[in-house]
Amino acid sequence: MDLKSNHCSPVLTDPAPINKSRLGIHSSLLPYSQQGASFSSSKYVTIPRKKPAKLDDVRSNGWLDAMKSSSPPRKKLIKDLSVEVALDDADIAYSSWMLKYPSALNSFDQITNYAKNKKIAIFSDYDGTLSPIVDDPDRALMSNDMRSAVRNVSKFFPTAIISGRSRDKVYELVGLTELCYAGSHGMDIMGPLSHTVSDDYPNCIKSNDQQGKEVNLFQPAREFLPMIDEVFRTLVENTKGIKGAKVENHKFCASVHYRNVDEKNWPTIAQCVHDILKDYPRLRLTHGRKVLEVRPVIDWNKGKAVEFLLESLGLSNRNDVLPIYIGDDSSDEDAFKVLREGNRGYGILVSSVPKETNAFYSLRNPDEVMKFLNSLVTWKHEAAK
């Protein structure tokens with residue numbers, strides 16, 4: 001069952017750099033120099049075909065280190081003098097980090113000044129961006145105020161949600177028909193009907209959305225569905241004895257959440273996933289915020305999903321378009337990287353702690369995301385007067 005050679009080739013390569021002058025973002029509008037900023041989009045773990053006994057220990061292949069580094073502890077407010085000093089130090093570190101990745105709210109005038117006479121397109125992750133990170137993924141619900149903000153933004157700007165969840169699940173959580181949706185980290189996209197896109201992407205077919213409207217459905221990893229389903233069932237069976245573990249089937253990827261697993265049992269859950277993946281060389285592991293995600297080995301990610309949606313919307317290869325991508329997780333780095341390398345638009349990282357990123361700007365939490373979206377609507381209203 002080999003993947004055919006097409007736009008979704010399984011060869012994992014970084015996209016070729018794009019000429020900065022093509023889209024004309026002036027260097028003075030960038031929050032900092034582009035030189036020397038090179039970060040990996042996520043922590044991929046290669047599953048070796050050979051099986052040295054040493055790799056059976058997840059400590060030796062870096063899995064545990066990656067699990068800890070991708071899951072920073074929550075900030076605790078404890079009225080102890082020594083802790084308060086540490087929190088002050090953390091605030092100082094964050095303020096220093098923001099010199100490199102300034103607040104999108106504080107830089108709003110800079111962003112909108114550049115956006116004049118341009119068409120803004122909004123792309124956003126869901127968990128941790130439009131909804132808070134919570135212990136139970138099923139309870140990661142948008143507030144009514146956030147839903148209203150997203151709805152209002154979509155009235156003025158093309159808007160898409162690109163989530164690691166299944167497309168059907170994120171649509172159920174968001175509940176807005178005005179948006180485009182991409183699930184499974186962009187491996188399941190429903191976008192506007194475009195004959196140009198359907199001709200260019202062999203796995204793109206004509207379908208219907210929830211209202212019966214004709215759309216393009218693009219699923220570059222469709223042949224992996226039986227494999228992902230098989231791995232999901234095995235993960236459920238093999239982790240059922242680990243207290244707090246939760247396995248989700250996101251259609252084109254499977255997630256193992258360990259947020260509610262005692263840290264002393266993290267080696268057990270990592271070893272479980274490791275042992276299963278040894279039998280699936282065409283699947284890879286990536287790390288999110290206290291989640292291990294199993295995905296197909298194909299050259300596709302959220303960055304390519306942004307490019308696909310821009311093309312579907314008729315907004316690609318244009319100097320008068322400004323894409324803005326808002327996200328909080330390592331998988332969003334692929335989208336940030338696409339916008340940065342091509343100087344196409346702005347990535348905004350949602351984080352309350354300093355971290356390496358390909359984004360241009362930052363926001364602390366979903367509340368600030370909502371303020372930013374509402375500010376875009378107000379700006380557009382005033383510009384139309």
Side-chain angles (χ1 to χ4, degrees), residues 31-32 37 39-43 65-80 82-108 111 122-137 139-143 145-146 149-150 161-165 257-260 263 286-291 302 324-337 340 346-376:
Y32 64 93
F39 307 115
S40 59
S41 58
S42 58
K43 304 181 191 308
D65 289 340
M67 289 170 74
K68 292 176 181 179
S69 65
S70 64
S71 308
R74 294 176 178 175
K75 187 174 180 179
K76 295 182 179 179
L77 298 175
I78 304 176
K79 293 184 178 180
D80 177 83
S82 61
V83 175
E84 285 181 354
V85 172
L87 292 180
D88 286 342
D89 289 343
D91 290 337
I92 292 172
Y94 189 81
S95 296
S96 177
W97 177 78
M98 286 182 67
L99 295 175
K100 194 174 183 181
Y101 308 104
S103 165
L105 289 173
N106 295 341
S107 306
F108 189 77
I111 295 172
I122 300 294
F123 301 91
S124 176
D125 186 18
Y126 179 79
D127 292 277
T129 302
L130 301 180
S131 71
I133 294 293
V134 294
D135 290 339
D136 183 358
R139 299 186 65 81
L141 305 177
M142 292 176 70
S143 67
D145 288 342
M146 178 66 86
V150 174
I161 309 296
I162 304 178
S163 172
R165 293 177 182 262
H257 296 269
Y258 56 92
R259 180 171 300 276
N260 297 319
E263 189 168 341
T286 63
H287 297 269
R289 293 173 65 173
K290 293 192 177 178
V291 61
K302 287 186 175 183
I324 296 176
Y325 188 101
I326 311 172
D328 75 305
D329 203 28
S330 58
S331 61
D332 299 307
E333 291 295 327
D334 293 308
F336 296 154
K337 186 177 181 181
R340 171 180 289 280
Y346 297 127
I348 301 176
L349 175 68
V350 183
S351 178
S352 61
V353 297
K355 61 174 67 174
E356 293 183 338
T357 181
N358 285 293
F360 283 108
Y361 296 107
S362 64
L363 293 168
R364 286 181 179 267
N365 49 45
D367 285 341
E368 288 199 350
V369 172
M370 185 170 65
K371 290 178 182 178
F372 179 77
L373 297 179
N374 286 333
S375 296
L376 281 176

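Counting begins at 1 with the first residue of the sequence. For clarity, every value in this text was computed on a predicted model and none was experimentally measured.
Counting heavy atoms from C-beta on, the side chains of Leu376 and Ile122 come closer than 4.5 Å. Counting only heavy atoms from C-beta outward, the side chains of Arg364 and Met98 approach each other to under 4.5 Å. Contact check for Asn260 versus Lys290: no side-chain heavy atoms found under the 4.5 Å cut-off. The shortest side-chain heavy-atom distance between Ile111 and Ile324 falls under the 4.5 Å cut-off. Between Arg259 and Val291 the shortest side-chain heavy-atom distance does not fall below 4.5 Å.
Of all non-hydrogen atoms in Tyr361 and Ala104, the two that sit nearest each other are CB-CB, 4.0 Å. Nearest heavy-atom pair, Lys302 versus Asp334, reported as atom, atom and distance to 0.1 Å: N-CB, 4.3 Å. Taking every heavy atom of both residues into account, Glu356 and Glu333 meet most closely at O-OE2, 4.0 Å.
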May I have the step-by-step check of side chain to side chain contact (heavy atoms under 4.5 Å, CB included) for Ser351 and Tyr101, ending in yes or no? CA-CA 11 Å; Ser351 178; Tyr101 308 104; over 6 Å; no

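One distance of note links CZ of Phe372 with CG of Leu105; it measures 7.5 Å at 0.5 Å rounding.
Ring-plane geometry between Phe123 and Tyr325 is classed as parallel, the angle between the planes falling under 30 degrees on a 0 to 90 degree scale with a further cut at 60.
Applying the side-chain contact (heavy atoms from CB on, under 4.5 Å) test between Met146 and each of Asn374, Leu130, Thr129, Asp367 identifies Leu130 as the sole match.
Contact check on Arg289 versus Asp328 returns a salt bridge, with a Lys/Arg side-chain nitrogen under 4.0 Å from an Asp/Glu carboxylate oxygen.
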